[in-house]
Amino acid sequence: MGIQPSWPSAVDNTKRCETGHGEHAPKRRKLAKKMATAWANFARTGNPSQPGVPWTPTDSSRCPTMVFDNRCRMVDDPEGEVRKILLS
C-alpha cells in the first residue's frame with residue numbers, strides 16, 4: 001500500500017476517505033479495523049493484542065514494535081539504524 005497517512009486507519013474511518021484509496025479500499029478497511037481494535041484494546045486494558053496480532057511489552061534490548069501493514073506483526077527494532085542516529 002505504500003506510505004500513506006494512517007490516521008483514517010487508526011480510527012477506522014476509511015469509508016470517508018475511500019475515493020483516495022480506489023482498489024486498495026477493501027485492504028485499507030481491513031487494516032483500519034485491526035488498528036482501531038488495537039487502539040481500543042490498549043485504551044481498555046493497556047494491551048493492544050488481538051487474535052492474529054500479538055503484542056510484546058517493550059524491552060530496551062530488543063525494541064519490539066507493533067507493525068500495521070498487509071501482515072500485522074511484532075518486529076524487533078524495525079528502524080534501528082534511524083533510531084540510533086536520532087539518539088546520537
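Since this is a predicted model, take the numbers as computed values, not measurements.
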Task: Selection residues 47-59 - residue pairs positive for salt bridge (charged side-chain N to carboxylate O under 4.0 Å, His left out), sequence neighbours left out - done: D59-R62

Open item on the list: To check you understand the geometry: which heavy-atom pair defines the closest contact between L31 and D69, and what is its length?
Closed with: CD1-O, 3.6 Å

TODO: Kindly give the heavy-atom pair with the smallest separation between M74 and P64, and that separation in Å.
DONE: CE-CB, 3.6 Å

Open item on the list: Once rounded to the nearest 0.5 Å, what's the spacing between atom CH2 of W39 and atom CZ of R44?
Closed with: 14.0 Å

- [ ] Give me the other members of the hydrophobic cluster that L86 sits in, counting Ile, Leu, Val, Met, Phe, Trp and Tyr linked by side-chain heavy atoms under 4.5 Å, directly or via other members.
- [x] V82

Please tabulate, one pair per line, all N/O donor-acceptor pairs under 3.5 Å involving side-chain atoms of residues 45-52, not counting sequence neighbours.
from : atom 1 : to  : atom 2 : distance (Å)
T45  : OG1    : N41 : O      : 2.8
T45  : OG1    : N47 : N      : 3.1
T45  : OG1    : N47 : O      : 3.2
N47  : OD1    : S49 : N      : 2.8
N47  : OD1    : S49 : OG     : 2.9
S49  : OG     : W55 : N      : 2.9
Q50  : NE2    : K34 : O      : 2.8

Task: side chain to side chain donor-acceptor pair (under 3.5 Å) against R71, all qualifying residues, sequence neighbours excluded - done: none

Task: Those residues that, when tested against T65, pass side-chain contact (heavy atoms from CB on, under 4.5 Å) (two or more places apart) - done: P78

Task: Non-neighbouring partners of R83 that pass salt bridge (Lys or Arg N to Asp or Glu O under 4.0 Å), sequence neighbours left out - done: D77

